Amino acid sequence: QVQLVESGGGLVQPGGSLRLSCVASGFTFSSRTMYWYRQPPGKERELVAAITSVAGNTNYANSVRGRFTISRDNAKNTVYLQMNSLKPEDTAVYYCKTVGDYGRYAYWGQGTQVTVSS
């Protein structure tokens, strides 16, 4: 059974930093692309960042490029999202995601709340 458990969210002031973690189980983590999404209040869920399995290639939403860094530690089955220079518009529930065999299913964690406010 696929499980994704996010942690690391919280309340932070504008300009601050947070590091999110997502611990995965139930699949071969090292062979899967991992994604971070977020859903601001009242808005659609959006892709934030992704990291591939083999080469560790990354991509980012334009809104976070240069501020956020996605990384992974395959030995720990964990994907991270380092968030720097946080802005109020970064406030959202952040989710990690992977996709099952043949892209049949998307698997989501429960999410972790990030609130950027003074």
Side-chain angles (χ1 to χ4, degrees):
Q1 53 186 27
V2 173
Q3 289 188 314
L4 302 170
V5 181
E6 302 97 335
S7 63
L11 175 64
V12 64
Q13 293 185 340
S17 297
L18 284 173
R19 186 194 188 209
L20 307 183
S21 299
C22 174
V23 179
S25 61
F27 63 98
T28 305
F29 176 82
S30 61
S31 69
R32 299 289 184 88
T33 296
M34 299 298 297
Y35 307 83
W36 283 100
Y37 282 74
R38 68 186 182 187
Q39 187 165 20
K43 298 182 179 180
E44 300 294 324
R45 191 171 297 184
E46 63 179 354
L47 177 66
V48 175
I51 184 166
T52 64
S53 60
V54 177
N57 298 126
T58 61
N59 59 70
Y60 299 92
N62 289 336
S63 58
V64 308
R65 186 174 291 110
R67 299 188 297 120
F68 291 10
T69 303
I70 188 172
S71 62
R72 66 193 297 160
D73 186 339
N74 288 340
K76 297 180 179 179
N77 284 4
T78 302
V79 61
Y80 304 96
L81 187 68
Q82 178 67 46
M83 306 186 295
N84 298 326
S85 302
L86 283 161
K87 304 174 180 179
E89 50 263 46
D90 296 319
T91 295
V93 179
Y94 284 72
Y95 302 89
C96 64
K97 187 194 83 170
T98 193
V99 178
D101 292 343
Y102 306 103
R104 293 173 181 172
Y105 304 103
Y107 298 96
W108 300 88
Q110 292 298 306
T112 185
Q113 176 71 50
V114 172
T115 303
V116 184
S117 177
S118 59

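Numbers here are sequence positions counted from 1. A quick note: this is a predicted structure, and the numbers were derived from the prediction, not measured.
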Determine, using the 4.5 Å side-chain heavy-atom cutoff (strictly less than), whether I70 and Y107 are members of one ILVMFWY cluster. yes
Grouping I, L, V, M, F, W and Y whenever their side-chain heavy atoms are under 4.5 Å apart, do Y60 and Y94 come out in a common cluster? yes
Is there a path of hydrophobic side-chain contacts, each under 4.5 Å between heavy atoms, that joins W36 and Y95? no
Going from CZ on R32 to CG on D101, what distance comes out if it is rounded to the nearest 0.5 angstrom? 5.0 Å
So which atom in S31 and which in T28 form the shortest heavy-atom distance, rounded to 0.1 Å? OG-O, 2.9 Å
Do T91 and Q113 come close enough that some side-chain heavy atom pair is under 4.5 Å? yes
Y37/W108 aromatic ring centres below 6.0 Å: yes
I want to check something: taking the side chain as every heavy atom from C-beta on, are E89 and P40 in contact at a cut-off of under 4.5 Å? no
Measure the spacing between SG of C96 and CD of E6 and express it to the nearest 0.5 Å. 4.0 Å
Between CG of L86 and OG of S117, what distance do you get to the nearest 0.5 Å? 12.0 Å
With a 4.5 Å limit on heavy-atom distance, are the side chains of M83 and V114 in contact? yes
For R38 and A92, which heavy atoms make the closest approach, and how far apart are they? CB-CB, 3.8 Å
To check you understand the geometry: which heavy-atom pair defines the closest contact between V2 and G26, and what is its length? CG2-O, 4.0 Å
Hey, what do you get for OH (Y80) to CE (M34), rounding to the nearest 0.5 Å? 12.0 Å
May I ask you to test the Y35-V99 pair for a side-chain heavy-atom distance under 4.5 Å? yes
Please report the shortest heavy-atom distance between C22 and L4, naming the atom on each side. SG-CB, 3.9 Å
K43 and Q39 have their tightest heavy-atom pair at O-NE2, 3.2 Å
Give the minimum heavy-atom separation between S53 and S30, together with the two atoms involved. CB-O, 3.1 Å
Can you find a pair of side-chain heavy atoms, one from S25 and one from N77, that are under 4.5 Å apart? no
Enter the distance from L20:CG to F68:CZ here, rounded to the nearest 0.5 Å. 8.0 Å
Could you tell me whether the side chain of N84 reaches within less than 4.5 Å of the side chain of S17, counting heavy atoms only? yes
At what distance, to the nearest 0.5 angstrom, does CG of L81 lie from OG1 of T69? 8.0 Å
Q110, CD atom: more than 12 neighbouring heavy atoms under 6.0 Å: no
Does the structure place the NZ or CZ of R72 under 6.0 Å from the centre of the six-membered ring of F29, at an angle of no more than 45° from the ring's axis? yes
